[in-house]
Amino acid sequence: MAKQERALRTREALIKSAATVFDRDGFSVASLSAISSLAGVSNGALHFHFTSKAALAASVEDAAADRLNRLIGVHEDTGGNALQLLVDTSHDLARRLADDVVLRAGFELSRQQVRVGSRDLHHEWHQWVEGTLKRAKGEGVLSAVSPEAAAASVVAATTGFEVLGMHDPRWLSDRTITRFWQLLLPRLAAASALGDVEAAGSRTSVPASVPRGARPPRATETVRTVGAPGKDRGGTAP
């Protein structure tokens with residue numbers, strides 16, 4: 001049992017190290033020696049668990065997909081409408097992309113399609129977003145827009161934030177995601193439901209730094225921007 005646990009820990013360390021090196025250097029440049037060194041194991045130990053760099057990439061993608069599935073399921077039983085569920089999950093996805101190198105590397109590997117049979121995490125995210133918007137339509141909280149068209153816009157924006165966040169983490173901030181929903185929700189939500197959807201996320205998705213009693217701004221409220229429009233402390237993120 002102890003040997004199996006040790007082998008599992010080594011495998012998990014290699015997956016995280018591979019994700020870190022892929023995220024830092026890119027798949028094509030990443031070397032197995034750099035991955036094994038970062039994990040603190042020998043090249044022989046790496047090859048015992050993974051036959052190739054492609055096999056490591058597949059495991060990073062699978063681990064990222066598992067994280068994505070857990071993330072999109074965390075709010076399913078918290079109540080509220082499907083539109084709020086989508087807003088909350090998009091906030092959580094941005095936070096995890098900023099903090100979790102395995103999830104971030106998995107999305108990047110999916111985008112690059114570095115091997116035959118690569119998982120497409122963007123497609124999995126798109127399917128979930130579209131399904132959630134169809135639920136919102138059935139609940140009567142979606143406006144006259146089609147779930148398919150709305151999903152295309154949401155996925156394009158959220159995956160765009162992911163790419164931009166690789167160079168400037170402010171693109172994955174709560175402020176950026178909130179401003180996106182403040183812009184989109186008046187067009188997306190039925191008039192009767194707009195006041196019930198929190199653009200900054202419901203209480204269950206508010207970051208720990210925000211007091212639990214504080215209410216995030218609604219979609220109809222504005223966020224006061226300090227400094228020049230479109231600028232934040234000299235950056236270009238919204």
Enquirer: Looking only at heavy atoms, which two atoms of A105 and A19 are closest? And how far apart?
Expert: CB-O, 3.6 Å
Enquirer: Within the supplied structure, the quantity of interest is the number of heavy atoms (other residues, nucleotides, ligands) at a distance under 6.0 Å from R24 CZ; does it exceed 12?
Expert: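 It does: R24 CZ has more than 12 such atoms within range.
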Enquirer: Work out which heavy atom in A64 is nearest to a heavy atom in L121; give both atom names and the distance.
Expert: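 In terms of heavy atoms, the two residues are closest at CB-CD2, 3.6 Å.
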Enquirer: Tell me if a side-chain donor or acceptor on K53 pairs with a main-chain N or O of A30 at a distance below 3.5 Å.
Expert: yes
Enquirer: State, to 0.1 Å, how close L83 and A189 come at their nearest heavy-atom pair, and which atoms those are.
Expert: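 Here L83 and A189 meet closest at CD2-CB, 3.6 Å.
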Enquirer: Is the closest side-chain heavy-atom distance between R187 and V145 below 4.5 Å?
Expert: yes
Enquirer: With side chain to side chain donor-acceptor pair (under 3.5 Å) as the rule and sequence neighbours excluded, what pairs involving residues 154-167 come up?
Expert: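 Every side chain to side chain donor-acceptor pair (under 3.5 Å) pair that includes a residue of residues 154-167, provided the two are not neighbours, is R111-E162, H122-E162, W125-T158.
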Enquirer: If you count the non-hydrogen atoms of other residues, nucleotides and ligands that lie under 6.0 Å from NZ in K16, is the total more than 12?
Expert: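 Incorrect, the count does not exceed 12.
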Enquirer: Specify the closest pair of heavy atoms between H126 and V155, including all atoms of both residues, with the distance to one decimal.
Expert: CA-CG2, 3.7 Å
Enquirer: Any donor and acceptor pair, going by atom type alone, linking the side chain of S36 with main-chain N or O of S42 inside 3.5 Å?
Expert: no
Enquirer: I'd like to know if the side chain of T132 and the backbone of A82 have a donor-acceptor N/O pair within less than 3.5 Å.
Expert: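 No, T132 side chain to A82 backbone: no donor-acceptor pair under 3.5 Å.
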Enquirer: Nearest 0.5 Å, please: how far is CG in L133 from CD in E139?
Expert: 10.5 Å
Enquirer: Is any side-chain heavy atom of H91 closer than 4.5 Å to one of T178?
Expert: yes
Enquirer: Which heavy atom of A57 sits nearest a heavy atom of L109, and at what distance?
Expert: O-CD1, 3.9 Å
Enquirer: Could you walk me through whether W181 and S90 pass side-chain contact (heavy atoms from CB on, under 4.5 Å), step by step?
Expert: CA-CA 10 Å; W181 284 115; S90 70; 2.7 Å; yes
Enquirer: For atom NE2 of H47, decide whether the heavy atoms of other residues, nucleotides or ligands shown that lie under 6.0 angstrom number more than 12.
Expert: yes
Enquirer: Might you point out which heavy atoms bring G140 and A190 nearest each other, and give the distance in Å?
Expert: O-CB, 3.7 Å
Enquirer: Would you mind reporting whether V141 and L194 have side-chain heavy atoms less than 4.5 Å apart?
Expert: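 Of all side-chain heavy-atom pairs linking V141 with L194, none is under 4.5 Å.
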Enquirer: Can a donor-acceptor pair be found, under 3.5 Å and without considering hydrogens, that links the side chain of E61 to the backbone of R119?
Expert: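 Yes.
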Enquirer: Do the non-hydrogen side-chain atoms of S59 and R11 ever get within less than 4.5 Å of each other?
Expert: yes
Enquirer: Decide yes or no for N69 and W128: does some side-chain heavy atom of the first lie under 4.5 Å from some side-chain heavy atom of the second?
Expert: no
Enquirer: Run the numbers on E108 and R104 for salt bridge (Lys or Arg N to Asp or Glu O under 4.0 Å), then give the verdict.
Expert: CA-CA 6 Å; E108 180 62 18; R104 190 165 62 245; over 6 Å; no
Enquirer: Can you tell me how far apart OG (S143) and CG (L185) are? Round to the nearest 0.5 Å.
Expert: 10.0 Å
Enquirer: Tell me, please, which residues at least two apart from S37 pass side-chain contact (heavy atoms from CB on, under 4.5 Å).
Expert: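 Listed in chain order: nothing, the list is empty.
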Enquirer: For a 4.5 angstrom cut-off between non-hydrogen side-chain atoms, does I15 reach F50?
Expert: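 Result yes, sub-4.5 Å side-chain heavy-atom pair found.
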Enquirer: Is the backbone of R6 close enough, under 3.5 Å, to the side chain of T10 for a donor and an acceptor to pair up by distance?
Expert: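 The answer is yes, because a donor-acceptor pair under 3.5 Å joins these two groups.
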Enquirer: Between L85 and R135, is the side-chain contact (heavy atoms from CB on, under 4.5 Å) condition met? List the steps.
Expert: CA-CA 10 Å; L85 172 65; R135 282 174 50 188; 3.7 Å; yes
Enquirer: Could you walk me through whether L93 and F107 pass side-chain contact (heavy atoms from CB on, under 4.5 Å), step by step?
Expert: CA-CA 11 Å; L93 177 61; F107 268 94; 4.2 Å; yes
Enquirer: Using a strict cut-off of less than 4.0 Å between a Lys/Arg side-chain nitrogen and an Asp/Glu carboxylate oxygen, indicate whether R70 and D66 qualify as a salt bridge.
Expert: yes
Enquirer: Apply side-chain contact (heavy atoms from CB on, under 4.5 Å) to residues L46 and L56 and explain how you reach the verdict.
Expert: CA-CA 9 Å; L46 184 153; L56 260 171; 4.2 Å; yes
Enquirer: Would you indicate whether the side-chain heavy atoms of D174 and R95 approach each other to under 4.5 Å?
Expert: yes
Enquirer: Closer than 3.5 angstrom, by distance alone: can the side chain of T89 be matched with the main-chain N or O of L86 as a donor-acceptor pair?
Expert: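 No, the answer is negative, given that no donor and acceptor are paired below the 3.5 Å cut-off.
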